[in-house]
Amino acid sequence: MKTVFSRPQALTNKPLHYCPGCGHGIIHRLVAEVIDELGIREKTIGTCPVGCAVVANEYFNVDMQQAAHGRSPAVATGIKRVLPDRVVFTYQGDGDLASIGMTEVVHAAARGELITTIFVNNAIYGMTGGQMAPTSLLGQFTTTTPYGRKKELQGSPIRVAEMLATLEGAVYIARMSVHNATHVMRTKRAIKRAFETQLEGKGYSLVEILSTCPTNWGLSPVEATKWLADNMIPYYPLGEIKVAAAVEGIN
Amino acid sequence: MKTVFSRPQALTNKPLHYCPGCGHGIIHRLVAEVIDELGIREKTIGTCPVGCAVVANEYFNVDMQQAAHGRSPAVATGIKRVLPDRVVFTYQGDGDLASIGMTEVVHAAARGELITTIFVNNAIYGMTGGQMAPTSLLGQFTTTTPYGRKKELQGSPIRVAEMLATLEGAVYIARMSVHNATHVMRTKRAIKRAFETQLEGKGYSLVEILSTCPTNWGLSPVEATKWLADNMIPYYPLGEIKVAAAVEGIN
Amino acid sequence: MVRKKVLMKGNEAIGEAAIRAGCQAFFGYPITPQSELPEYLARRMPEVDMIFLQAESELAAISMVYGAAGAGARVMTSSSSPGISLKQEGISMLAGADLPAVIVNIMRGGPGIGGIQPSQADYFQATRGGGHGDYRHLVLAPASIQELADLTWEAFALADQYRNPVLILGDGMLGQMMEPVLLPEEPPPLVDKPWATTGAKDREHNEIYTLHMGMEDLEKHNQRLAKKWEQIAREQVRYDKFMLDDAEIVIVAFGIASRVARRAIRMAREVGIKAGLLRPISLWPFPTAAIAEVAKQARAFLVVEMNLGQMIEDVRLATGGLVPVELFSKITIVPNPKEILQSLCSLARRTGCKIDEAAIKEESA
Amino acid sequence: MVRKKVLMKGNEAIGEAAIRAGCQAFFGYPITPQSELPEYLARRMPEVDMIFLQAESELAAISMVYGAAGAGARVMTSSSSPGISLKQEGISMLAGADLPAVIVNIMRGGPGIGGIQPSQADYFQATRGGGHGDYRHLVLAPASIQELADLTWEAFALADQYRNPVLILGDGMLGQMMEPVLLPEEPPPLVDKPWATTGAKDREHNEIYTLHMGMEDLEKHNQRLAKKWEQIAREQVRYDKFMLDDAEIVIVAFGIASRVARRAIRMAREVGIKAGLLRPISLWPFPTAAIAEVAKQARAFLVVEMNLGQMIEDVRLATGGLVPVELFSKITIVPNPKEILQSLCSLARRTGCKIDEAAIKEESA
Amino acid sequence: MDKKREREIRTLLLAGFGGQGIISMGQFLAYAGMLEEREVCFVPAYGPEMRGGTANCLITIDEQQIDSPIFEQPDVAVVMNLPSFNRFEYQVRSKGLLLVNSSLVNQPVQRQDIEAYSIPVNELASSLGNIKVANVVMIGALLELTGIIQAESIIDSMRSTFSDSKHNLLALNRKALEKGAEYVRYLSSKQRLAV
Amino acid sequence: MDKKREREIRTLLLAGFGGQGIISMGQFLAYAGMLEEREVCFVPAYGPEMRGGTANCLITIDEQQIDSPIFEQPDVAVVMNLPSFNRFEYQVRSKGLLLVNSSLVNQPVQRQDIEAYSIPVNELASSLGNIKVANVVMIGALLELTGIIQAESIIDSMRSTFSDSKHNLLALNRKALEKGAEYVRYLSSKQRLAV
Amino acid sequence: MVEMIMHVELCKGCGLCQATCPQDLLSTSDQVNSKGFYPVVLLDKAKCTGCALCARMCPDLVIEIHKQTA
Amino acid sequence: MVEMIMHVELCKGCGLCQATCPQDLLSTSDQVNSKGFYPVVLLDKAKCTGCALCARMCPDLVIEIHKQTA
Ligand SMILES: Cc1ncc(C[n+]2csc(CCOP(=O)(O)OP(=O)(O)O)c2C)c(N)n1
Ligand SMILES: Cc1ncc(C[n+]2csc(CCOP(=O)(O)OP(=O)(O)O)c2C)c(N)n1
Ligand code: SF4
Ligand code: SF4
Ligand code: SF4
Ligand code: SF4
Ligand code: SF4
Ligand code: SF4
Ligand SMILES: [Mg+2]
Ligand SMILES: [Mg+2]
């Protein structure tokens, strides 16, 4: 018998608490699969965001630290600087990374910190019940944009990947999506490349992943994947946004 | 007698405390001249950074607020939102804006906040005695990079103008310099355009100004202008980095 | 029009009371268990042509408050414990710049991320100033939704009156629970703000600042602020008494804990214990004199708080060693009246207070 | 090799002592009057193959400390008052996650931007926890450069011993002044950190966390932490006595203020006043018992602090109303021995302490 | 109906899972109490455990000022699903009242010192053509058994809180209240009362 | 020289403007005191007022543990420029000592209750070929007048703190110390002592 | 031969697998699991190609797939 | 005719004006001002074109320039 698909080693057996159909579950699994495939489970340390994934420490079967809201890149920097031969990643939501934690991610990227960020962009604050995120789309209804997000009042959503790509220290920046199986597989390849970028000491790497929050979007999980494809992808183009020359050889 | 050049109305009579040859003095004057020329002295409100310009409230003859370190764009947002018909500007150093205050400037820009930022990039922390700024150049000696700034340790300097230009709400972004009289005049034109962008309600505007800190660079004022031209300009290209379509008509 | 009671959630009552107090702008960042407040205002502020803005962080929110307050607006922010920690530098700035603003802390359990259950563990932070430097701000601790609304309204008035930030301190349960409330109608009178940065038209330019370079300048500035705080301390002490007239044991408790304490006191009275409650409404200024007065007659104090014992220091400072002051502490669990009753019984026995042991037996039978 | 004294600036002595205490990483952000500390370490840490990193802010610095501490390193950060306010959420995180770390606050005047003159106005913040939730950390207050070095060294040992943050609290003058110092040589013994996140090799994965979802979980967690802090409070009280044996008036002062107080006491002795000094070295835990003991014999206390009166609360809590406790307060000015002497004289007269009025006359003649 | 117990009923606990209308059931009761000029207090359990999990809330309705908004042993517990039944059966105070949604709970009540009623509210609601009013059916039963609130006050509270577009639902809700009341009248005519 | 006063000298204030070597003058004194196994304490005035403005520092040298690192009325004040002279002339304690850099201060000392010396240290230093050692010349004068520290200890302190490349400057500094001492010896042979 | 193991107790009935299966082989059970969700079921084992697309979309690691090695 | 007013008390002697003047008309005084700086002086009034480049570079608003209207 050959195992085609099973629970990765880098996840614990704990059932996930995420809502039905939530993208976090898929993304957790992808990160764990990559860790398994690279054989780095025993030398990987991750950070949890404040957000729905705050208890990711219970799911990832690697050493984990919960960071204060938005500070994951700084926490990861602290870890990586004292343990330079370990693999360090941050797992962050769009509120965590693009709102309160913007300074930290920009500076980790600018420093070319040898860490990898998994950035889950679900265009909303999931954990706190559906408030606007910096990545919420224009017109999107959230509990803090009850009349729809308006450019004049709340400004336009931030394209994090493109913004960070302007920094020299950020050498691998990709935007992927988990709304269907094909893109799930692409996302996994990007995550792998990001970790490899770190393993080869090239610089900072980040994969932005468009993900669903069926609960706070008020949609069924299947509708949510469609909403993502129809609304998010046009504003957030997918692909490898930046592959610095140094990284091009990898993979 | 026609006055060719005299102290602008928008400056008080208080002598500036800046070190001999410091760029802050020139930039203060330019901002004041623009305020005078636009006839907006009585409806302009500015914010002081924490940095050498912390007491700019004593120099600008307009209403001023001292903001906490890095928070000027948020303070300015607070002012502008409650007084939408006033002209609001922030005056910030590179430590203030690009280090501790990165989140606030990115978000003010992303929101397209109708404020103008005068961003004084002197590649160093002036007030605190010459520590590294996020904009310090590779190889630059500062009190916290006594062996020279190294890419592997401290990362590469951040090009703030280019980074912010990726944001939709930022509609006028320029980088200028005050190392010689020609550029001083160009800088003034850019500052004026930035204020006009605000006056016409187009969006967020920012002028990054390369400036000197003779004291902490350990150079004479004249040497400092040369150092700026030789070292900073090659890394920080001058010009109007972004003029959104909406702004193109202006001036 | 007859004013009618409405049933409201605590967080929403704060929001509506703020609007009726003439709040012109709200800047905040979501956090459980107070997100209903920004959410409510996100809906309501545009309806009344006022500003609601979700800030990028608590640091930004408090700085927006600073800017708007400096520009003369009535302004508010809210958060819960970790978010309030992030606002400490900003609160110190507001206090140092004599700026009026209303800050709401709907506390949850800590330290760190902690949890989202109700707690009162930010008492020290609120009353001693978690930020740097000497500064004080009013701390108002409501115990019902009605009081939440009333004190929110008053907070705006007090902030303007003294040019000082005012903190509303509630816990997660107060934020989430619903009670009938009669909402305020008229805003507190507007006060002149000639110091505000509104544009230097027909006057000298105004400056809002907290830097005082010279040693003597800063000293003088601090002494002036100290005078203001002394005045507030004289004028704004608030507290409530319950069954204190003949009380041998005095419970001191605020907020939600005081509600449970009232219940425990009624139960205690049924078993012959003369218990009463002194409920501080202003935590700063603390009702020190009132407690000192009560201490003359009481045999013992029981401080009931949802933390490891913080307000107890203020009670001890007020009683000055006259009578034993004991602690009943839960940290992130709203205490149970029965447990408090047990503590009261034990304390009554140990301090020779009246107690009807027969009734207790009967009760537990 | 004979250990030799060197003349060092306070800020640099902290840096060198940290290196000798085996500090593996420093993360900080510049701020006057402590920037010489990061600057010193920027030079020295690379020489000893250790990490110096200038963080993008105080928030980032304390979070880097959290990460590195969680990964098992001996780690330090430093700042001055406004920057320490910004670290409050992070300090609460460290305490909640049982992480050892050393934090230095070289205080300046506040509130807000304030000034850069020395001050002791962050006493409340330091001892009560400016951050949210119940937590405690050791607060060590040196009064000389030698003690600055010694206590820095010890701070690392204590942080590891208790898995708790330790704060060194000094003022701007201590940071800037120079005195001879004998530097520590050997680092405190390394302790095992099986909980550290170093990679889950040959063991279960480790987790550093502060979220405790369930109400009971969080309560239990807090109770466990409380036990630890009670233990520290029992084991780590430090203070110094000066001319206390026959003292009728006891000055309580810490840090630089205590140095000036000593001088005032010598002057007071010359005019027949039996004055003495109790100098808390650990501000938390506070030497409550020692002060209570002294209070039995003293006629009056004078608390000398460079703030509006903060430590005085702890002194009053310790003396429990037994004797008058008065305040001598400067906020951002190091007090002058003569002024303190005047306060001592006045207090002595009012409390019927011995005083040689003739000598005073002579002195002022 | 025991008039003495009626006076004693101040505290109610409602529990079930999210989506069963537990919170709105509680809010209608509190609102109606307010309309009757009584003192009321409503406390939801909040937090992450709400997500897809159980929902419950506490209501106090009293003639005098309400002290503690929480209580450990409610006078009445209404349990709308099995986990709630398991969790709360033993919390009701002795001689208190337990209402069980027997459509989802098929276990017998063990306690002998309380009064318990099993009411198949899902089926009863379905019989009205809308399973969503199962919670209202339960309120109807509760009011009939305790008299704590007038049914009409519940309708008034709905009128005050429903948006205009939902006002046409008032008739259905009135029927649901009546259905619940009717069922317990039928029950009490036949069911053993375990007091 | 009055031996009694010598023993009484514990506290020194040095003042001038930035660039005159005020701070290093103070540090050499403190360092030398340490080498002589005395208790020493050095306090710089810091902050923005330093920028281009005045620089000053306080030094205490004592046989016993030093209490207060600051003091209001120094036993000795050394003023290197006019603003410092104006600011500090009246701070020196009665019967204390005031050393004035007469190269930059051309005002007469008003106080009669102190001992004052005017020393043209800039010219004296120039005569050695290096105006930068004006501060060291002043130390020389100070040591000669007070005996508070051995001149050789100052040289030792320089040896310990100078980088290797600057060790060749030690001879010049020794000469500067001697120059200052010589000048006050010459002065005291002729100048009125206003004690 | 494809062997599919369904950890039904983990299934939240989100339907993402179902929407993904190219063979349309997945359906929802009419029996709730212990968490109160209607878990997914494989309708026709024989038709399953073992492509694992369903598993890749599943956020809850419900689906495990093994193949008989030829 | 160009009239140049020098607010010498504001001058910090930084030399930026001097380095800028296309006519090389500016020099440093040998007398310190009250702040201790050696202020700038205009050497040859007649040659000054009033181009104001010096003033534009001056950080301290020392230089004021007026021109005789023709
Ligand atoms: C300092 C602080 N501020 C705010 C919060 C409240 N909070 C918790 S999660 C969150 C945002 C979560 O959104 P996101 O990062 O997008 O993650 P998601 O839940 O969507 O995965 C916020 C604001 C907090 N816990 N701490
Ligand atoms: C919260 C806080 N952190 C740090 C400081 C110390 N500080 C004052 S100014 C400054 C940086 C100034 O550099 P920059 O913004 O580049 O301005 P410049 O002085 O160069 O014009 C710093 C870190 C402070 N005052 N407050
Ligand atoms: S709230 Fe949204 S992001 Fe959070 S677990 Fe549920 S679906 Fe996922
Ligand atoms: S330190 Fe630098 S930036 Fe600050 S005033 Fe002096 S020259 Fe200007
Ligand atoms: S493995 Fe492929 S064919 Fe089989 S059920 Fe899953 S998606 Fe369908
Ligand atoms: S995707 Fe997973 S959780 Fe969702 S229905 Fe399918 S098996 Fe169940
Ligand atoms: S105005 Fe022009 S020509 Fe005249 S001095 Fe200035 S720079 Fe020279
Ligand atoms: S530029 Fe201004 S300050 Fe500098 S030397 Fe010329 S006049 Fe003086
Ligand atoms: Mg999100
Ligand atoms: Mg700078």
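Values in this document were obtained by computation on a predicted structure and should not be read as measured data. Each chain gets a letter, A, B and so on, in the order its sequence line appears, and its residues count up from 1.
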Would you compute the distance between atom CD of A:Gln65 and atom OG1 of D:Thr197 and round it to the nearest 0.5 angstrom? 4.0 Å
Under a 4.0 Å N-O cut-off, is there an ion pair linking A:Asp63 with D:Arg203? yes
Would you mind telling me which of A:Thr77, A:Val87, A:Val62 has the largest number of heavy-atom pairs within less than 4.5 Å of chain D? A:Val62
Side chain from CB out, backbone as N, CA, C, O: work out which of these in D:Thr198 comes under 4.5 Å of a heavy atom of chain A, or both, or neither. both
Measuring from D:Asp202:CG to A:Glu42:CD, what's the distance to the nearest 0.5 Å? 5.5 Å
Using modelled atom types and a 3.5 Å cut-off, is there a donor and acceptor pairing between side-chain atoms of D:Tyr66 and backbone atoms of A:Gln66? yes
Please classify the contact between D:Ile51 and chain A as side chain, backbone, both or neither, with a heavy-atom cut-off of under 4.5 Å. side chain
Is there a side chain to side chain donor-acceptor pair (under 3.5 Å) between A:Thr103 and D:Glu56? Walk through the geometry before answering. CA-CA 8 Å; A:Thr103 297; D:Glu56 55 270 35; over 6 Å; no
Heavy-atom pairs under 4.5 Å with chain D: which of A:Lys43, A:Arg41, A:Glu104, A:Lys80 has the most? A:Glu104
Residues A:Glu58, D:Glu207; criterion side-chain contact (heavy atoms from CB on, under 4.5 Å); working and verdict: CA-CA 8 Å; A:Glu58 300 181 6; D:Glu207 303 170 27; 4.0 Å; yes
With a 4.5 angstrom heavy-atom cut-off, which part of D:Phe27 approaches chain A: side chain, backbone, both or neither? side chain
Should A:Asn61 and D:Glu204 count as side-chain neighbours, where that means a heavy-atom distance under 4.5 Å? no
Residue from A:Gly78, A:Ala67, A:Gly101 scoring the most non-hydrogen pairs under 4.5 Å with chain D is A:Gly78
With rounding to the nearest 0.5 Å, note down the distance linking CD in A:Glu113 to CG in D:Leu53. 6.5 Å
Roughly how far apart are D:Ile208 CD1 and A:Ile79 CD1, rounded to 0.5 Å? 8.5 Å
From A:His69 NE2 over to D:Met93 CE, what is the distance, rounded to the nearest 0.5 angstrom? 11.5 Å
Atom pair CD1 (A:Ile100) and CG (D:Leu59), whose distance is rounded to the nearest 0.5 Å: 8.5 Å
Backbone of A:Phe60 reached by a side-chain donor or acceptor of D:His205 within 3.5 Å: yes
Does any non-hydrogen side-chain atom of D:Leu211 lie less than 4.5 Å from one of A:Val55? yes
Checking heavy atoms, do the side chain of D:Ala60, its backbone, both or neither come under 4.5 Å from chain A? both
